[in-house]
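See below for the structure under consideration.
Along the sequence shown, the residues carry numbers beginning at 1. Whatever order the structure lists ligands and atoms in, that order sets their numbers, starting from 1.
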Amino acid sequence: MRTLQVELGARSYPIDIGPGVLSRLDTQGQRCLVVSNDTVAPLHLKTLLAQLPEGTATCILPDGEAHKTLDSAGVILDALAAGGFHRDGLVIALGGGVIGDLAGFAAAVYHRGIAFIQIPTTLLSMVDSSVGGKTGVNHPAGKNLIGAFHQPRQVLADLQLLDTLPSREYAAGMAEVVKYAALGDLAFLDWLEAQTPALQARDHAVLAEMVERCCATKARIVAADEREQGQRALLNLGHTFGHAIETASGYGTVLHGEAVAIGMVMAADLSYRLGWTSLTDVERLRDLLQALDLPTRCPPIPPEQFLALMQRDKKVLNNRLRLVLLKPLGQAIITADVPPEPLQETLLAAT
Ligand code: NAD
Ligand code: GLY
């Protein structure tokens with residue numbers, strides 16, 4: 001087992017990584033509400049409940065990004081209220097990023113904030129969404145438009161839970177893994193290239209090292225910039241392009257991780273057009289993503305629509321689009337100085 005700490009003063013918390021770490025769940029004797037969905041619950045809820053007092057409350061939501069709404073958060077809040085939970089209640093999220101974001105948001109607002117524990121069950125949620133305290137729901141006007149920063153008290157990344165994850169979801173998680181390498185760790189990129197066969201076989205030992213390396217990077221960035229005033233935005237590499245792809249295609253058609261994979265290649269392509277990254281490095285990134293079964297070509301979206309969707313991104317500041325680009329591969333930067341021509345070229349070349 002591996003353990004890391006997210007250092008946030010009084011709000012610091014451990015991330016335990018490895019097969020079987022579910023047994024390290026520490027409720028501190030508090031009453032809890034377990035939140036999951038109707039796909040994950042039949043697979044893994046029983047194992048979790050076996051560790052909790054009989055009669056522990058549960059709230060099982062319908063599966064899917066379409067249900068990451070204020071209404072679903074309301075269902076969790078109703079369950080907390082109906083169960084008579086007070087300030088000392090504890091929410092446990094058992095699921096992927098959708099459940100983690102929803103349960104975390106409900107925990108953030110119930111009684112103005114109660115404790116919660118993340119038990120991520122997808123690769124994406126293990127390496128990204130369960131760490132860092134971003135919680136929230138979607139709104140018709142935008143993804144994750146409503147939310148709160150609320151750190152979990154414990155994160156348990158039990159690799160055994162990944163055994164049931166469908167291949168497409170597993171690949172989507174790998175996009176966020178590659179993101180950490182592309183934004184700041186070329187040695188990790190070398191390692192991912194070398195370990196691709198073991199990663200495709202979901203080898204637990206190799207996975208443990210990989211998840212630890214990702215969480216270590218995320219923990220360091222979150223500790224330095226919890227509220228995204230600066231460097232935390234680097235974690236959005238590929239996301240401004242990706243969110244536009246997700247929105248244009250309709251949520252759920254292209255998975256978040258798939259959109260991030262395509263978005264990273266677009267960010268690399270634009271960096272190349274700006275003279276910041278070599279063509280060899282753009283191809284290197286694309287090859288690795290493809291080897292990990294990820295798409296790298298953008299679905300057909302008219303450039304005007306693409307640009308309009310990018311303008312809606314949360315990273316737009318004073319009406320200027322800010323992008324995370326590579327200067328070079330392995331070193332991400334945030335820039336608001338992107339001339340329109342190369343951006344147009346990237347959009348046209350992406351499909
Ligand atoms: P998800 O939660 O929808 O899970 C993907 C699918 O896998 C779902 O159908 C789910 O039911 C199923 N599943 C989950 N675990 C399983 C298991 N062990 N076995 C079988 N099936 C399983 O999606 P995701 O990719 O985990 O997360 C995406 C969400 O995370 C998006 O809403 C995104 O906005 C959010 N996100 C949040 C942050 C953050 O910092 N809070 C970061 C990145 C992404
Ligand atoms: N997934 C981006 C962040 O947590 O900041």
Side-chain angles (χ1 to χ4, degrees), residues 6 22 35-45 47-48 60-69 72 93-105 108 116 118-138 142-152 155 157-177 179-180 183 202 214-215 217-219 221-240 242-243 246-247 251-252 254-260 314-315 324:
V6 182
L22 203 58
V35 181
S36 192
N37 73 22
D38 55 14
T39 300
V40 176
L43 297 166
H44 301 295
L45 183 62
T47 316
L48 174 60
I60 310 301
L61 297 166
D63 188 7
E65 182 76 34
H67 297 284
K68 196 174 121 176
T69 58
S72 296
L94 175 73
V98 168
I99 287 296
D101 282 11
L102 266 168
F105 179 65
F116 90 110
Q118 289 270 21
I119 305 181
T121 63
T122 61
L123 181 55
L124 184 140
S125 54
M126 287 186 189
V127 299
D128 191 356
S129 61
S130 64
V131 176
K134 278 189 185 175
T135 73
V137 299
N138 300 328
K143 197 167 146 65
N144 298 325
L145 205 62
I146 301 164
F149 284 98
H150 187 54
Q151 300 292 341
V155 180
D158 188 332
L159 302 176
Q160 257 160 18
L161 299 173
L162 293 181
D163 292 348
T164 57
L165 189 69
S167 314
R168 191 173 165 203
E169 296 292 349
Y170 181 79
M174 289 303 301
E176 300 283 4
V177 172
K179 178 190 78 176
Y180 290 108
L183 73 84
R202 304 191 196 188
C214 296
C215 289
T217 300
K218 179 138 191 193
I221 292 176
V222 167
D225 179 23
E226 184 184 9
R227 299 251 163 176
E228 202 168 305
Q229 303 298 303
Q231 63 162 294
R232 184 163 180 175
L234 296 174
L235 294 172
N236 296 321
L237 174 64
H239 284 60
T240 303
H243 284 161
E246 279 181 89
T247 310
Y251 292 129
V254 180
L255 299 180
H256 175 74
E258 293 172 338
V260 168
K314 286 195 289 300
K315 288 172 290 303
V324 184

I need the atoms of ligand 1 closer than 4.0 Å to a non-hydrogen atom of [X], numbered in the order shown.
X: Leu43; result: 19 (N), 20 (C)
X: His44; result: 18 (N)
X: Lys143; result: 31 (C), 32 (O), 33 (C), 34 (O)
X: Lys68; result: 31 (C), 32 (O), 33 (C), 34 (O), 35 (C)
X: Asn37; result: 10 (C), 11 (O)
X: Glu169; result: 5 (C), 6 (C), 7 (O)

How far is [atom] from the closest protein heavy atom, and which atom is that?
atom: atom 35 (C) of ligand 1; result: Asp101 OD2, 3.4 Å
atom: atom 22 (C) of ligand 1; result: Leu165 CD1, 3.7 Å
atom: atom 4 (O) of ligand 2; result: Lys218 NZ, 2.5 Å
atom: atom 5 (O) of ligand 2; result: Arg232 NE, 2.7 Å
atom: atom 42 (C) of ligand 1; result: Ser129 CB, 3.4 Å
atom: atom 1 (N) of ligand 2; result: Asp128 OD1, 3.1 Å
atom: atom 28 (C) of ligand 1; result: Leu124 CD2, 3.9 Å

- Out of Gly95, Gly97, Ala66, Gly96, whose heavy atom sits nearest atom 27 (O) of ligand 1? Gly97
- Item | Of the listed options Thr164, Leu102, Asp63, Thr122, closest to atom 8 (C) of ligand 1 (non-hydrogen atoms) | Asp63
- Item | Qualifying residue, where the test is side-chain contact (heavy atoms from CB on, under 4.5 Å) with Val137 and the options are Asn144, Ile146, Leu145, Val98 |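 The option that passes is Ile146.
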Atom [atom1] of [X] and atom [atom2] of [Y]: how far apart are they, to the nearest 0.5 Å?
X: Ser125; Y: Gln118; atom1: OG; atom2: CD; result: 7.5 Å
X: Tyr170; Y: Leu123; atom1: OH; atom2: CG; result: 6.0 Å
X: Leu102; Y: Thr135; atom1: CG; atom2: OG1; result: 9.5 Å
X: Thr217; Y: Asp128; atom1: OG1; atom2: CG; result: 11.5 Å
X: Leu255; Y: Glu65; atom1: CG; atom2: CD; result: 9.5 Å
X: Ile221; Y: Leu183; atom1: CD1; atom2: CG; result: 5.5 Å

Is it the case that the side chain of [X] and the backbone of [Y] share a donor-acceptor pair, with hydrogens and angles ignored and the cut-off at 3.5 Å?
X: Lys134; Y: Ala148; result: no
X: Arg232; Y: Gly132; result: yes
X: Asp38; Y: Asp63; result: yes
X: Ser130; Y: Val127; result: no

- Task: May I ask you to check whether His150 and Phe105 place their ring centers less than 6.0 Å from one another?
- Result: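 Centroid distance His150-Phe105: not below 6.0 Å, so no.
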Ligand 1 to [X] polar contact by distance, N or O atoms, under 3.5 Å:
X: Lys134; answer: yes
X: Val98; answer: yes
X: Glu65; answer: yes
X: Val40; answer: no
X: Asp128; answer: no
X: Glu176; answer: no

Residue-level breakdown please: for [X] versus ligand 1, do any non-hydrogen atoms fall below 4.0 Å on the side chain, on the backbone, on both, or on neither?
X: Thr135; result: neither
X: Asn144; result: side chain
X: Leu162; result: neither
X: Thr121; result: both

- Query: Given that the side chain starts at C-beta and the backbone is N, CA, C, O, which of these parts of His239 lies under 4.0 Å from ligand 2, counting heavy atoms, or is it both or neither?
  - Reply: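 No part of His239 comes within reach of ligand 2.
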- Is it the side chain (CB and beyond), the backbone, both or neither of Val222 that lies under 4.0 Å from ligand 2, heavy atoms counted? neither
- Message: Check this for me, if you would: do Lys68 and Asp101 make a salt bridge, where the nitrogen-to-carboxylate-oxygen distance has to be below 4.0 angstrom?
- Response: yes
- Task: Go through the steps to decide whether Arg202 and Asp163 satisfy the test salt bridge (Lys or Arg N to Asp or Glu O under 4.0 Å), and finish with yes or no.
- Result: CA-CA 8 Å; Arg202 304 191 196 188; Asp163 292 348; over 6 Å; no
- Message: I'd like to know if Glu176 contacts ligand 2, where contact means a heavy-atom distance under 4.0 Å to any ligand atom.
- Response: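 Distance cut 4.0 Å: Glu176 fails for ligand 2.
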- side chain to side chain donor-acceptor pair (under 3.5 Å) evaluation trace for Ser36 with His44: CA-CA 9 Å; Ser36 192; His44 301 295; over 6 Å; no
- Item | Contact check: Asn236 vs ligand 2, nitrogen or oxygen atoms, below 3.5 angstrom | no
- Query: Are Pro166 and ligand 1 in contact, using a heavy-atom cut-off of under 4.0 Å?
  - Reply: yes
- Query: Is Lys218 in contact with ligand 1, taking contact as a heavy-atom separation below 4.0 Å?
  - Reply: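 So Lys218 counts as touching ligand 1.
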- For ligand 2, which atoms, with element, lie under 4.0 Å from some heavy atom of Leu235?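 Heavy-atom distances to Leu235 below 4.0 Å select 2 (C), 3 (C), 5 (O).
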- Task: May I have the step-by-step check of side chain to side chain donor-acceptor pair (under 3.5 Å) for His239 and Glu176, ending in yes or no?
- Result: CA-CA 10 Å; His239 284 60; Glu176 300 283 4; 3.3 Å; yes
- Item | Nearest atoms (heavy-atom pairs only) where Gln229 meets Asp225 |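 Taking every non-hydrogen atom into account, N-OD1, 2.7 Å.
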- Please report the shortest heavy-atom distance between Val35 and Leu61, naming the atom on each side. CG1-CD1, 4.1 Å
